[in-house]
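Numbered from 1 within each chain, the chains take letters A, B, ... in sequence-line order.
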Amino acid sequence: MKEPSCDEKEAVERVNFIQQRIVGDLAAEENSGQVHTRFPPEPNGYLHIGHAKSICLNFGLAKKFAGACNLRFDDTNPAKEDVEYVDSIKEDVKWLGFDWGENEFFASDYFSRLYDYAIQLIELGKAYVCDLSPDETRKYRGNLQEPGRNSPFRERSVPENLDLFTRMRAGEFADGSRVLRAKIDMASGNMNMRDPVIYRIAHVEHHRTGDKWCIYPMYDFAHGLSDAIEGITHSICTLEFQDHRPLYDWFINQLDTLVKPQQIEFARLNLSFTVMSKRKLMQLVNDNLVSGWDDPRLPTLSGLRRRGFTPESIRNFCERIGVAKRNSMVDVALLEHAVREDLNKRAARYMAVLRPLKVIIENYPEGQVEELDAVNNPEDESMGRRKVPFARELYVEQDDFMEDAPKKFFRLTPGREVRLRYAYYIRCERVEKDEAGVVTALYCTYDPATKGGSSPDGRKVKSTLHWVAAKTAISAEVRLYDRLFSDPDPAAEKDGEPFTKKINSDSLNVLENCQLEPALAAVASKQTVQFERLGYFIFDEQDSDSEKPVFNRTVTLRDNWAKKAKAQQNQNRKKK
RNA sequence: AGGGGCGUCGUCAAGUGGUAAGACACAGGUUUUUGGUGCCUGCAUGCGUAGGUUCGAAUCCUACCGCCCCUGCCA
């Protein structure tokens, strides 16, 4: 082993602006030296890699400063939320490797306390019941250029407000007929301060509180106060909430809470060649453009998991992208790098032929089978060795043979000798074709003296191929996944084209007749393996059955040859 | 009558007045029984622009330019 630990340490030591803030707070002895964060998803959808950034940040900060991080479900809008989502969120956070221990909370647990806070606000003369319709409210709010106007209900007396609000809660009024509003400033340049709604009426069953409530607090009111209730010191959220901070502080200050949490905003993650917004992901799923929330092409955590991404690689990715306030678009190549780096060290190697081409070793005895010795992982000897059966009839990759090979092509071609990994040197003697001229089989000879893959006379061979013995091979389905979109920024829709039109038509390629070495039958599920020379693949538990295993490609290996070949092709095309 | 943010390599991102880290990507080389991995090398006289302050400016000042967010009884 070299010293990657040194690099890792440096990466961990990197201090972002939030850490600097916290260090400052600690030095100033704010919050009696405590650091308490929270990850606050609304249970209305599945988590994606953007959430992973937030999870790593919040739990990471808690760990770094010896504090705690709560998992809090921000479930204040029952119309959109469901337990299905809270379960998947918990599963995903756990899978990512974070443990919230006892600190699992729900904003809905605080409905009573939030209601009491609202009463206090009314008593303070800082909130009023407003009878304006949603449409009228919007008109009174003004716009970016012009100030708003006070609601005609703004000057209601405290007793009247108390009476009305109590009756709102009691269910006397229809949805949309009244709201409770904070009395702040209808002329504020900040739209959020123009007497924001803090409670609305919704006769909707809540997934946790049932029909106990028919009024629900709005985000701005519930969030900061929930932070205060939980003793959160640093409430970290994304940039679009910057304008909400004055309101966040306003509630906390009016109500004089024990803890004064502070909101800090950072830039959300954007990844090239994918979309991250809940609305767009939802559309892909609903329009059946993908197979579901866990489609391996999606940036959802369930999709990435099914694709074969490891929690470690995602955490490492989040560490590398950093935390700042600049809107940015991270190259998906960095994510791919992170997973290759992790899997290179840990994935067991196997041989699998995805597009089989029959090879017959004419001078190899019919019926004979040899068990050859193979290494499971050249990066880690402790992973041991295994036996691979070799016989007269084999399969190699169609891509590994060319009848008329260009100069730089090192693989099989008539007359050339190559090495079969862990086996022998073979030479292609002749080719069998069908009527259409398609190559159907290769007739080769082997050199018995090269057993194991090296020649006693020291002669070199330019390439080593993976292979599988025909008789003992396992037949499998392999799904080759690629980027879902062909456009680096599909969400931009600059040209007026909807993002769904930018789906990469090559994002999924299903191969039915793949041939695997027999050891793959025993592969522990959920463990990503490397198919030598091809990439990393994971067994798909959902779609595999006893008849036929299914593997998903996580990512290809880096492939300089493919790159060169492609570049050359493009050049030829230009010449023509 | 507007308010709030942000501009450092193709992409992220350090830098907090002392002479532009690192990562990915890219390009070469080398090792190699994976065209993988590893290793080596190259890759911003430049920090949105223009002025100014200073012995010294990405960092301070001034003006301009560009991009993002805000007019839900969503979060």
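By the side chain to side chain contact (heavy atoms under 4.5 Å, CB included) test, A/F273 is found to be paired with A/V332, A/R483, A/P488, residues two or more places apart in sequence or in another chain being considered. Listed by chain and residue number, A/E370 satisfy the side chain to side chain donor-acceptor pair (under 3.5 Å) test with A/Y424 (two or more places apart in sequence, or in another chain). A search for ring pair (Phe, Tyr, Trp, His ring centres under 6.0 Å) contacts involving A/H466 returns nothing, not counting sequence neighbours. Contacts of A/T464 classified as side chain to side chain donor-acceptor pair (under 3.5 Å), with partners at least two apart in sequence or in another chain: A/R419. The side chain to side chain donor-acceptor pair (under 3.5 Å) search around A/S133 returns A/E136, not counting sequence neighbours. Residues passing the side chain to side chain contact (heavy atoms under 4.5 Å, CB included) test with A/A79, sequence neighbours excluded: A/N77. The side chain to side chain donor-acceptor pair (under 3.5 Å) test applied to A/N344 returns A/R349, not counting sequence neighbours. The ring pair (Phe, Tyr, Trp, His ring centres under 6.0 Å) test applied to A/Y46 returns A/Y85, A/W293, not counting sequence neighbours.
Taking the syn range as angles within 90° of 0, the glycosidic angle of B/G72 is syn. In B/G46 the base sits syn relative to the sugar, since the glycosidic angle is no further than 90° from 0.
For A/M218, counting side-chain heavy atoms from C-beta on, the closest listed nucleotide (B/G3, B/C6, B/A75) is B/A75.
Between B/U37 and A/R349, no contact under 4.0 Å exists linking OP1 or OP2 to a side-chain N or O. In this structure, A/Q20 reaches the B/G15 phosphate: one of its side-chain N or O atoms is under 4.0 Å from OP1 or OP2. Dashed line: the shortest gap from a side-chain N or O of A/R200 to OP1 or OP2 of B/C74 is under 4.0 Å.
Put simply, CG on A/D195 is 21 Å from P on B/C70, counting in whole angstrom units. As a whole-Å value, the separation of A/F17 CZ from B/U16 C1' is 15 Å.
Interface residues of residues 70-80 of chain A facing RNA chain B, ordered by number: A/D74, A/T76, A/N77, A/K80; criterion, heavy-atom separation under 4.0 Å.
Rounded to whole Å, the separation between the C1' atoms of B/C60 and B/G18 comes to 15 Å. As rounded to the nearest Å, B/A57 and B/G15 have C1' atoms that lie 13 Å from one another. Spacing of P atoms, B/U45 relative to B/A21, comes out at 12 Å, to the nearest Å.
A donor and an acceptor atom, one from each side chain of A/H207 and A/D82, are nowhere located under 3.5 Å apart.
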Taking only N/O atoms, report every protein-nucleotides 24-32 of chain B pair under 3.5 Å with atom names and distance.
| from | atom 1 | to | atom 2 | distance (Å) |
| --- | --- | --- | --- | --- |
| B/C26 | OP1 | A/K563 | NZ | 3.0 |

Using a cutoff of under 3.5 Å, can you pull out all pairs of nitrogen or oxygen atoms linking the protein to nucleotides 66-69 of chain B, with atom names and distances?
| from | atom 1 | to | atom 2 | distance (Å) |
| --- | --- | --- | --- | --- |
| B/C68 | O2' | A/N327 | ND2 | 3.0 |

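Counting non-hydrogen atoms under 4.0 angstrom, A/D559 reaches the backbone sugars and phosphates but no base.
Each of A/F531, A/F537, A/Y350 was checked for a ring-ring contact (aromatic ring centres under 6.0 Å, His included) with A/F551, and the lone residue meeting it is A/F531.
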Original post:
Does the pair A/L164 and A/R156 meet the rule for a side chain to side chain contact (heavy atoms under 4.5 Å, CB included), with working shown?
Top reply: CA-CA 10 Å; A/L164 254 15; A/R156 283 220 253 234; 3.4 Å; yes
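Where A/S177 and A/R245 meet RNA chain B, the nucleotide closest to each residue was compared, and A/R245 sits on the side nearer the 5' end.
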**OP:** Determine which bases of RNA chain B form Watson-Crick or G-U wobble pairs with both distances under 3.5 Å, and write the result as a 5' to 3' dot-bracket string with | for other-strand partners.
**Re:** .(((((((.[[[..)..(...]]].(((((.......))))).....[[[[[..)....]]]]])))))).....
